[in-house]
There are 2 protein chains.
Amino acid sequence: MDVETKTVRRRAAAPSPVDAVDRKLLGLLAEDATRSYAELGLLLNLSPPAVHERAKRLRRDGVIRATIAALDGPAIGRALTAFVHVDTTGWGKSGAMLALRDLPAVEEMHSVAGDACMILKVRVPDTRALEDLLAQVYAVPGVKGTRSYIALNTYLERGPRP
Amino acid sequence: MDVETKTVRRRAAAPSPVDAVDRKLLGLLAEDATRSYAELGLLLNLSPPAVHERAKRLRRDGVIRATIAALDGPAIGRALTAFVHVDTTGWGKSGAMLALRDLPAVEEMHSVAGDACMILKVRVPDTRALEDLLAQVYAVPGVKGTRSYIALNTYLERGPRP
DNA sequence: AATATTGCCGAACGATATTCGGCATACAGG
DNA sequence: CCTGTATGCCGAATATCGTTCGGCAATATT
């Protein structure tokens, strides 16, 4: 019974460790997730089903969070990227603050250690729209100030690589 | 001749405008790029080949920059996300600065208007690794200071949505 | 030493991607 | 207003890929 319980627990809860082949696969998929398992197999010296099995496990274990289309900001009417540092009285993480996540212009929200409380990464059509967004940030109770850093140019923008 | 030249130029160079159906498609793909054209067709009231044609055009025109696997930072050994503001003497955009893009820990690099010159978004295993990375930033000629904002928690992290 | 587990592969099957011809609609030019 | 061109859509067909499965080998566990 103990053994069985242990086995059940181990099988259900413990994700497999990520090995070197996994890392290479993850690197390839982080770069381009449209590659076929045949192509990936050639690059990893594995057969397509073997790659498929690994990818399946990496998705199941949450190492691959999602497969998404990365869009071009300007092409979809969001040419202005900015980082907004939000200072709040007290802790800052409130329902109203978290509700800002529902705004399409807000792409990232991090609580930080430092001389700000929250950092938002936002993407809007223009400075007018940034101002409108800031108005919504100021409407959150407890917000006492913001500092905006408008990206003039972007030299790199990608997600994590292993 | 004029007409022909105009036609050739229009066909080759002008990306099609992005219409409302395109925007909906982009939203679906930005959220989950593994959906089949059959599924997308149901959601958009189009046939699979019609969706396929639109997606192909959006990729060709660069509206969809790439299709990528979004990885979980902690799962690949990068549990610490930070934003590093880099102050430089003079303009800041130099070969050495841009070379920081080659570091796997550096995910974003933006030149900004404000009281910093460059903002880097970085992801590293731990504070020790952040320190090592900062050492490499300081090694860039012209860098006179940095301010790091360590993300304590991340409440939202995604790319652009139309 | 025996058994169980894990990972890989070839083959097969199911599902999807992609192409193509035809049709309808909209727009531009005469 | 008429004609021609361009564009987008669809059904059907074809090509390609994803996924499953049984078998095998290596490793780990008992």
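Below, read A as the first sequence line, B as the second, and so on, with proteins coming before strands; counting in each chain starts at 1.
- One N or O on the side chain of A:Arg35 and one on the backbone of A:Leu28 form a donor-acceptor pair closer than 3.5 Å.
- Rounding to whole angstrom units, CG of residue A:Leu44 and P of C:dC9 are separated by 11 Å.
- The shortest side-chain heavy-atom distance between A:Tyr149 and A:Arg147 falls under the 4.5 Å cut-off.
- We find that A:Arg78 and A:Asp72 are not joined by a salt bridge, their nearest charged nitrogen and carboxylate oxygen being 4.0 Å or further apart.
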Listed pairs, N/O of protein and of nucleotides 24-28 of chain C, under 3.5 Å:
none

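- Side chain of A:Arg54 to backbone of A:Pro49: no donor-acceptor contact under 3.5 angstrom is found.
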At under 4.0 Å between heavy atoms, which parts of nucleotides 15-25 of chain D does protein reach? Answer with one letter per nucleotide, 5' to 3': B base, S sugar-phosphate only, - none. ---SSB-----
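- Side chains of B:Leu80 and B:Thr127 form a contact here, defined as non-hydrogen atoms less than 4.5 Å apart.
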B:His85 vs B:His110, ring-ring contact (aromatic ring centres under 6.0 Å, His included): CA-CA, chis, key distance, verdict: CA-CA 10 Å; B:His85 290 212; B:His110 310 267; over 10 Å; no
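- Electrostatic pairing of A:Lys121 and B:Glu107 does not count as a salt bridge here, judged by no charged N lying under 4.0 Å from a carboxylate O.
- Judged by distance alone, the side chain of A:Arg158 and the main-chain N or O of B:Val106 form a donor-acceptor pair under 3.5 Å.
- Side-chain atoms of A:Arg59 do not come within 3.5 Å of backbone N or O of A:Ile64 as any donor-acceptor pair.
- Residues of residues 64-71 of chain B having a heavy atom closer than 4.0 Å to DNA chain C: none are found.
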